[in-house]
Number of protein chains: 2
Amino acid sequence: MSIENDIKQKTFRNPYQKMAINLVYTSNWLLYRQSELFKEYDLTLQQYNVLRILRGQQGRPIRVSDISERMLDKSSNTSRLVDKLLLKNYAERSLCANDRRAVDVIITKQGMEVLEQIDPRVEEWENKLNVITEEQALMLSDMLDLLRESVQE
Amino acid sequence: MSIENDIKQKTFRNPYQKMAINLVYTSNWLLYRQSELFKEYDLTLQQYNVLRILRGQQGRPIRVSDISERMLDKSSNTSRLVDKLLLKNYAERSLCANDRRAVDVIITKQGMEVLEQIDPRVEEWENKLNVITEEQALMLSDMLDLLRESVQE
DNA sequence: AATTTTCAAATGTATCTACATTTATTGTAA
DNA sequence: TTACAATAAATGTAGATACATTTGAAAATT
């Protein structure tokens with residue numbers, strides 16, 4: 001359904017506004033569907049995001065501040081997210097050897113296992129997005145990069 | 001900067017995953033910038049969203065449930081958002097004549113005024129997005145519509 | 001070396017959000 | 001018409017989030 005119907009707004013100030021609104025709306029839509037999936041595994045979206053970052057390390061530990069940098073939602077409180085993962089035995093924490101301010105985090109076997117359970121479900125979900133071609137998807141991604149670049153901080 | 005650099009992830013499972021991640025990342029990026037702007041006027045993003053929906057009514061009252069339907073973030077608690085706007089004298093609430101369960105909400109003069117102050121700032125911001133053409137913006141919006149359509153609920 | 005600044009993580013706190021429940025009203029079926 | 005379901009809004013509450021502050025450690029400056 002078109003964004004006009006979804007939010008019952010017939011006109012937009014300009015194409016850029018329409019696009020921006022659709023972008024936020026679609027992101028919320030996507031996050032909501034995916035959250036439902038993660039909820040089955042008692043994970044929040046942010047916890048899942050951290051877990052995936054941990055797995056991406058392939059055995060190497062990663063410090064809390066580096067996790068924060070890689071989060072999609074930069075405002076997350078990574079300390080507390082890691083706390084939650086520790087409670088579930090999905091992650092382990094240890095002091096960083098060469099910088100005692102920092103804390104190294106690593107995924108556990110159980111953390112890997114829960115991700116492996118979720119993987120096919122996420123993949124299945126992502127595959128539904130192939131109403132657009134792979135080329136279009138990459139083009140869309142490139143356009144998003146451009147948009148962010150254009151607004152200097 | 002490319003999404004790869006922004007979240008320090010070099011590879012993605014497939015183009016759809018890359019696009020989806022970029023979508024969420026860019027939405028967060030956009031919301032964060034805009035929130036900073038609204039904060040200057042002591043409004044949260046959600047409060048601003050409600051105010052704009054109220055203005056869109058052009059004088060006609062709108063019930064709380066209809067506001068919810070039009071929100072970009074459907075999970076917002078519209079009752080409490082309207083409470084906040086009442087406290088700031090940006091909105092008024094009255095019982096709906098033909099359905100005493102419902103509550104009619106209408107924007108006040110002060111609500112209109114604060115929006116008018118914000119308008120040029122938002123427009124200025126949106127205009128920075130014109131690194132892509134209007135046609136590309138509309139195409140991007142259409143592709144987002146397609147994506148949502150493709151995943152049946 | 002001592003002092004100051006910067007940095008990493010954790011924590012305190014008010015606010016916000018998600019979700020279930022409640023209250024009041026309307027609609028529908030027995 | 002009574003009983004039951006459906007709807008609209010408000011509210012209670014646990015947990016999450018945003019943001020400032022604190023704690024401890026490292027780096028830079030004096």
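Everything numeric in this text was worked out from a predicted model, so none of it was measured. Letters A, B, ... mirror the listed sequences (proteins, then strands); counts begin at 1.
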Figure out the CD/P separation between B:Glu69 and D:dA9, and round it to whole Å.
10 Å
Starting at atom CE of B:Met71, determine the distance to atom C1' of D:dA9, rounded to an integer number of angstrom.
15 Å
Any side-chain N or O of B:Lys84 below 4.0 angstrom from OP1/OP2 of C:dC16?
yes
Starting at CD of A:Gln46 and ending at P of C:dC16, how long is that distance when rounded to a whole Å?
19 Å
Has A:Thr78 got a side-chain N or O lying under 4.0 Å from the OP1 or OP2 atom of C:dA9?
no
Rounded to the Å, how far apart are B:Leu43 CG and C:dT15 P?
16 Å
For C:dA9 and A:Ser79 - does any side-chain N or O of the residue sit under 4.0 Å from the phosphate oxygens OP1/OP2?
no
Salt bridge present between A:Arg148 and B:Asp6 (N-O < 4.0 angstrom):
yes
Presence of A:Ser65 side-chain N/O under 4.0 Å of C:dA9 phosphate oxygens OP1/OP2
yes
Tell me the interatomic distance from B:Leu95, atom CG, to D:dA9, atom P, rounded to whole angstroms.
11 Å
Could you check B:Val82 against A:Asn77 and say which one's nearest nucleotide on DNA chain D is further toward the 5' end?
B:Val82
note: B:Leu81, atom CG; C:dT17, atom C1'; distance rounded to Å ~ 10 Å
Apply salt bridge (Lys or Arg N to Asp or Glu O under 4.0 Å) to the pair B:Arg63 and B:Asp99, showing each step before the final yes or no.
CA-CA 10 Å; B:Arg63 37 166 77 189; B:Asp99 185 346; 3.7 Å; yes
B:Lys39 side chain near D:dC19 phosphate (N/O to OP1/OP2, under 4.0 Å)
yes
Reading DNA chain C from 5' onward, which residue's closest nucleotide shows up sooner: A:Tyr32 or B:Gln47?
B:Gln47
Tell me whether A:Glu113 is salt-bridged to A:Lys109, with the criterion being a basic N under 4.0 Å from an acidic carboxylate O.
yes
Would you say A:Arg80 reaches D:dA18's phosphate, i.e. side-chain N/O to OP1/OP2 under 4.0 Å?
no
Salt bridge A:Asp119-A:Arg52, side-chain N to carboxylate O under 4.0 Å
no
For the residue pair B:Ile7 and A:Leu72, what are the closest heavy atoms and their distance?
CG2-CD2, 3.9 Å
Heavy atoms under 4.0 Å is the rule here; annotate nucleotides 21-28 of chain C 5' to 3' with B where the base is hit, S where only the sugar-phosphate is, and - elsewhere.
----BS--
B:Gln34 CD to D:dA18 P: how many Å, rounded?
16 Å
May I ask you to say whether B:Arg93 pairs ionically with B:Asp83, meaning some side-chain N is under 4.0 Å from a carboxylate O?
yes
Under 30°, 30 to 60°, or over 60°: which ring-plane class applies to A:Trp29 and A:Trp125, parallel, tilted or perpendicular?
tilted
Please state how far atom CG in A:Leu45 lies from atom P in C:dA18, giving the value in whole angstrom units.
12 Å
